[in-house]
There are 2 protein chains.
Amino acid sequence: MKNDLQRSYDLKRKELETVCRSNGLALTIQRRAIFDALASRTDHPTVDQVYEDISEKLKGVSRTTVYRVLETFVSIGVATKISNPESKARFDADTKRHHHLTCIACGKVLDLHDPTLDNLVPREGKIPDFDILDYSITFTGICSGCRKKPLNKH
Amino acid sequence: MKNDLQRSYDLKRKELETVCRSNGLALTIQRRAIFDALASRTDHPTVDQVYEDISEKLKGVSRTTVYRVLETFVSIGVATKISNPESKARFDADTKRHHHLTCIACGKVLDLHDPTLDNLVPREGKIPDFDILDYSITFTGICSGCRKKPLNKH
DNA sequence: TTTTACTTGACAATTTGTACCAACTGCAAT
DNA sequence: ATTGCAGTTGGTACAAATTGTCAAGTAAAA
């Protein structure tokens with residue numbers, strides 16, 4: 001008999017199959033392995049961590065493939081990318097608490113100043129053992145400029 | 001007579017001087033130029049964008065210096081770094097709305113599931129022209145592991 | 001099976017970020 | 001104003017992260 005963890009794992013695997021099908025994507029062993037590796041950990045691994053994980057099982061995978069497949073997963077919605085889309089450092093001279101609107105099409109980052117969002121506190125007991133110093137909300141979506149033009153593929 | 005923009009600009013410049021002094025840091029022309037470049041734009045520039053901006057005025061600045069100075073600014077609190085500290089991509093198979101706790105000491109990212117934070121909506125009229133599709137809150141702070149050990153100056 | 005479009009692997013090239021060290025410069029104390 | 005020095009910078013080299021290219025391989029429909 002399967003436990004809950006195992007069951008949800010199967011469910012996710014099934015989901016991958018469904019989503020790939022509906023997007024006309026082949027269900028390759030690389031994609032399955034990368035998905036399994038990603039889904040079996042909750043620590044938001046880097047590309048190389050995923051690569052390490054699957055290299056053990058899949059002899060001869062390419063790092064390039066891991067990069068590609070993870071981006072594919074993001075585009076079909078079975079994974080998310082933590083932090084900004086380009087994963088390159090961006091700086092801001094405004095150190096007052098404020099939030100960001102990130103366009104998923106062009107990568108532009110706009111500021112959002114809204115005092116109603118400046119005093120959020122996670123519900124007591126929900127926080128793992130962690131001292132919170134600050135926070136920032138990243139809203140993702142489409143900016144006005146990109147809404148007008150047709151989506152240019154990547 | 002100075003307008004408001006000019007005045008707030010001077011204020012920020014003055015602030016840089018004050019903060020540098022109180023941290024025992026020299027007010028070099030490079031730091032001033034980099035700060036001016038950063039403070040005069042609101043689009044969260046990358047290191048290279050700042051480098052481009054100041055190269056015009058300061059002949060012969062080094063890209064290395066821009067990297068260094070921007071990190072210095074973050075450490076003394078006159079600038080912030082958008083996105084994760086390592087600025088390297090991290091992925092997550094959990095696509096349901098949830099939030100993150102990022103440790104500024106070790107870079108670890110923990111999940112925070114709290115339904116009270118899952119229905120935020122920016123106040124009407126506060127949003128620039130932008131279609132919001134999703135959002136995620138990043139709380140920054142110190143994880144339990146790093147709280148115990150003394151800060152290692154890297 | 002066979003076909004074909006989609007994928008991958010290998011490697012090159014680029015981009016991004018860090019380490020190191022000799023030369024330089026704010027700035028505090030003459 | 002001059003001097004001395006700790007703090008900074010520039011440049012090169014290096015390491016790490018990411019992307020581009022294309023021939024060869026493979027999933028999946030016919």
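This one's a predicted model, so the numbers in the text were calculated from it and none came from an experiment. Residue numbers start from 1 in every chain, and the chains themselves are labelled A, B, ... in the order their sequence lines are given, proteins ahead of strands.
- Set against C:dT8, C:dG17, C:dA19, the side chain of A:K88 has C:dG17 as its closest nucleotide.
- Here D:dA16 presents its C1' atom at 14 Å from CD of A:Q49, a figure rounded to the nearest Å.
- The terminal axes of the helix from C:dT1-D:dA30 to C:dT30-D:dA1, fitted over 5 pairs per end, subtend an angle of 40° to the nearest 10°.
- Nearest-nucleotide positions on DNA chain D place B:K59 closer to the 5' end than the other of B:K59 and B:A89.
- Ring geometry for A:Y135 against B:F139 counts as tilted: the plane angle lies between 30° and 60°, on a 0 to 90° scale.
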Check nucleotides 25-28 of chain D against the protein and report each pair of N or O atoms closer than 3.5 Å, with its distance, or say if there are none.
from: D:dA28; atom 1: OP1; to: A:L27; atom 2: N; distance (Å): 2.9

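- D:dG7 atom P lies 15 Å from atom CD1 of B:I76, rounded to whole Å.
- At a threshold of 4.0 Å, the pair B:E17-B:R32 does not count as salt-bridged, since none of the basic side-chain nitrogens sits closer than that to a carboxylate oxygen.
- One distance of note links OG1 of A:T65 with CZ of A:R31; it measures 9.5 Å at 0.5 Å rounding.
- Taking the side chain of A:T64 as heavy atoms from C-beta on, and the options D:dT21, D:dG11, D:dA17, the nearest nucleotide is D:dT21.
- A donor-acceptor contact under 3.5 Å links the side chain of B:R68 to the base of D:dG10.
- For the salt bridge (charged side-chain N to carboxylate O under 4.0 Å, His left out) with B:R97, the qualifying choice from B:D111, B:D118, B:D92, B:D134 is B:D134, the only one to do so.
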Original post:
A:D43 and B:K108: salt bridge (Lys or Arg N to Asp or Glu O under 4.0 Å), yes or no, with the steps?
Top reply: CA-CA 8 Å; A:D43 64 341; B:K108 196 187 299 176; over 6 Å; no
Original post:
Given the rule in the salt bridge (Lys or Arg N to Asp or Glu O under 4.0 Å) test, do A:D53 and A:R41 qualify, once you have shown the distances and angles that lead to the verdict?
Top reply: CA-CA 10 Å; A:D53 282 0; A:R41 48 196 296 176; 2.7 Å; yes
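- Between B:K57 and B:D36 there is no salt bridge, since no side-chain nitrogen of the basic residue lies less than 4.0 Å from a carboxylate oxygen of the acidic one.
- Exactly one residue among A:V47, A:T80, A:V50 makes a side chain to side chain contact (heavy atoms under 4.5 Å, CB included) with B:F91. That residue is A:V47.
- Between the P atom of C:dT15 and the CZ atom of B:R63 lies a distance of 10 Å, rounded to the nearest Å.
- Taking atom CD on A:E71 and atom C1' on C:dT7, their separation rounds to 16 Å, with Å as the unit.
- Nucleotide C:dG9 holds its C1' atom 12 Å from the CG atom of A:L58, rounded to whole Å.
- Among all heavy-atom pairs drawn from A:C103 and A:C143, the shortest one is SG-N, 3.5 Å.
- Using a 4.0 Å heavy-atom cutoff across all strands shown, A:S87 reaches sugar-phosphate atoms only and no base atom.
- Between A:Y51 atom OH and D:dA16 atom C1' the separation is 15 Å, expressed in whole Å.
- Atom OH of A:Y67 is separated from atom P of C:dC11 by 17 Å (rounded to the nearest Å).
- Remark: A:D48 does not engage B:K88 in a salt bridge, criterion side-chain N to carboxylate O under 4.0 Å.
- Distances shown here put every side-chain N or O of B:Q30 at or beyond 4.0 Å from the OP1 or OP2 atom of C:dG26.
- Regarding B:K81, its NZ atom lies at a distance of 11 Å from the C1' atom of C:dT18, rounded to whole Å.
- Among the protein residues, B:R31 comes within range of the sugar-phosphate backbone only, with heavy atoms under 4.0 Å from sugar or phosphate atoms but none that close to a base.
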